[in-house]
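Atom set for the values below is all heavy atoms of this structure, side chains included, hydrogens, waters and symmetry mates excluded. Proteins come first, then strands; the chains are lettered A, B, ... in the order of their sequence lines, and each starts at number 1. On a predicted model such as this, the values are computed, not experimentally measured, just so you know.
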Number of protein chains: 2
Amino acid sequence: MAEPRSAASYSGESLLYLTDEQLRQGIEAMFFAYRGFTADPDRILSDLSYGRAHHRAIHFINRAPGTTVNNLLAILGVTKQSLNRVLRTLIEDGLVESRVGQSDKRERHLFLTEQGAALEARLSDAQRARMRAAYRAAGPEAVAGFRQVLEAMMEADLRRTYVRLRDGGQ
Amino acid sequence: MAEPRSAASYSGESLLYLTDEQLRQGIEAMFFAYRGFTADPDRILSDLSYGRAHHRAIHFINRAPGTTVNNLLAILGVTKQSLNRVLRTLIEDGLVESRVGQSDKRERHLFLTEQGAALEARLSDAQRARMRAAYRAAGPEAVAGFRQVLEAMMEADLRRTYVRLRDGGQ
DNA sequence: CAGCTTATGTCAGCCTTGTTGACATTCCAA
DNA sequence: TTGGAATGTCAACAAGGCTGACATAAGCTG
């Protein structure tokens, strides 16, 4: 880092939210909050002997039906081998359908089955309920700030992916 | 959920930040941002063949020097067996020192060695740099909102732990 | 104070989900 | 038409979760 350890030492006022102490609190808040964020889906999943990896796959297949394995890889940021294991169990269990591409037969297009969509709804209902409670407790201005900071925290390529999903659907 | 699927359907105005679509965007923001949040420390750690688990242990030992294994367990939310594996390597590598308790000899009190403190500083410098950039880009009001929402998202017992660390040190 | 119960930490082994390497199939461009 | 690139699958390994079994130290109780 070329920066001084504490930026606030340079300015007596108005940058107090950038002290090491403030930043550390933000880091710990992020750590503890993420546990809450995943807690409800995790409980549902463990009953079905699935894991977080299955949830992520189901979520983004639902968001972009017909997406290819390769596309999903870019979003999830894991290796194709790792994703493949998860997809295989979801396909075997009848939650996901994989269709060979028409124009390009190397590609597999992924869709949720009725059963897969049912689990997706169950998981995201639970996760949204927690999110809704937090949003309601904090209020609209806080929510806007929350999203601004999160967006600024993303790596550049993931921010593009996030914005594309947010604005464009596909 | 006893709640309707979309709270906004009940109110024509002022609750638009609670629509399913808004909530889903918040969920995805949280997912992508967490990857950015851990990216820099992860890179440093993988060079040393350590993982995120080592980082968490080092972070909280630094925050509360002399803490016991059992106390750390409560903060990290993993089993003692799982933590033990990580601690063992950190102790073997000379980053953490474990001292048998004086009053209660069953307890082990944990401290960072000089070398451990050096790694801690390196990791948290990197993580704070990212956090500082995000905070600065978003501004103080956004930061306040960010922390409000995160706090409201935590599970109750973790929120207590978080607040205790934030306000009390130990 | 002897012996049971509880608390704490360690060791062994399993499972999920990351990883890399090897490979089959399909497409495309020289 | 053939060789390289893209896509997806299979196999094997590593990190870090988990449970179970157990050793040791304290505390409690008759």
- Side chain proximity check, A/Asn70 to A/Glu107, heavy atoms < 4.5 angstrom: no

- Separation of atom CD in A/Glu107 from atom P in D/dA5, rounded to whole Å: 19 Å

- Here the distance between atom C1' of D/dA12 and atom CG of A/Asn84, to the nearest Å, is 15 Å

- Item | Residues within residues 34-47 of chain A bordering DNA chain C, heavy-atom distance below 4.0 Å | none

- Message: Is there a continuous path of hydrophobic side-chain contacts, each under 4.5 Å between heavy atoms, that joins A/Phe111 to A/Leu72?
- Response: no

- Message: What I'd like to find out is whether the side chain of A/Met30 reaches to under 4.5 Å of the side chain of B/Gln127, using heavy atoms alone.
- Response: no

- Task: Flag the pair B/Val86 / B/Tyr50 as yes when at least one side-chain heavy-atom distance between them is below 4.5 Å, and no otherwise.
- Result: no

- Could you tell me whether B/Glu120 and B/Arg63 make a salt bridge, using a distance below 4.0 angstrom between a side-chain N and a carboxylate O? no

- Contact interval (first through last nucleotide) of DNA chain C with protein chain B, 4.0 Å heavy-atom: C/dT6 to C/dG13

- Walking DNA chain C from its 5' end, the first of A/Ser49 and B/Asn70 to be reached, judged by nearest nucleotide, is B/Asn70

- Query: Going through the distances and angles, do A/Tyr162 and A/Leu150 end up as a side chain to side chain contact (heavy atoms under 4.5 Å, CB included)?
  - Reply: CA-CA 11 Å; A/Tyr162 165 74; A/Leu150 287 186; over 6 Å; no

- If a protein heavy atom is under 4.0 Å from the base, mark B; if only from the sugar-phosphate, S; if neither, -; do that for nucleotides 19-26 of chain D going 5' to 3'. BB----BS

- Message: With no hydrogens and no angle check, just 3.5 Å: does a side-chain donor-acceptor pair link A/His109 and A/Gln102?
- Response: no

- Message: With heavy-atom distances below 4.5 Å as the criterion, would you say the side chains of B/Arg122 and B/Leu48 are in contact?
- Response: yes

- Note on the structure: Separation of D/dT7 atom P from A/Leu83 atom CG, nearest Å, is 14 Å

- Between A/Tyr17 and B/Phe146, ring centroids under 6.0 Å: no

- B/Arg56 side chain reached by A/Phe31 side chain, heavy atoms, under 4.5 Å: yes

- Task: Just call it for A/Arg52: base, sugar-phosphate, or nothing, with non-hydrogen atoms closer than 4.0 Å on any strand.
- Result: sugar-phosphate

- Note on the structure: All heavy atoms of B/Gly94 vs all of B/Gln115, minimum pair found to be O-OE1, 3.4 Å

- Item | Residue mapping more 5' on DNA chain C - nearest nucleotide basis, B/Val69 or A/Gly77 | B/Val69

- Message: Please confirm whether the shortest side-chain N or O distance from B/Arg85 to OP1 or OP2 of D/dC18 is below 4.0 Å.
- Response: no

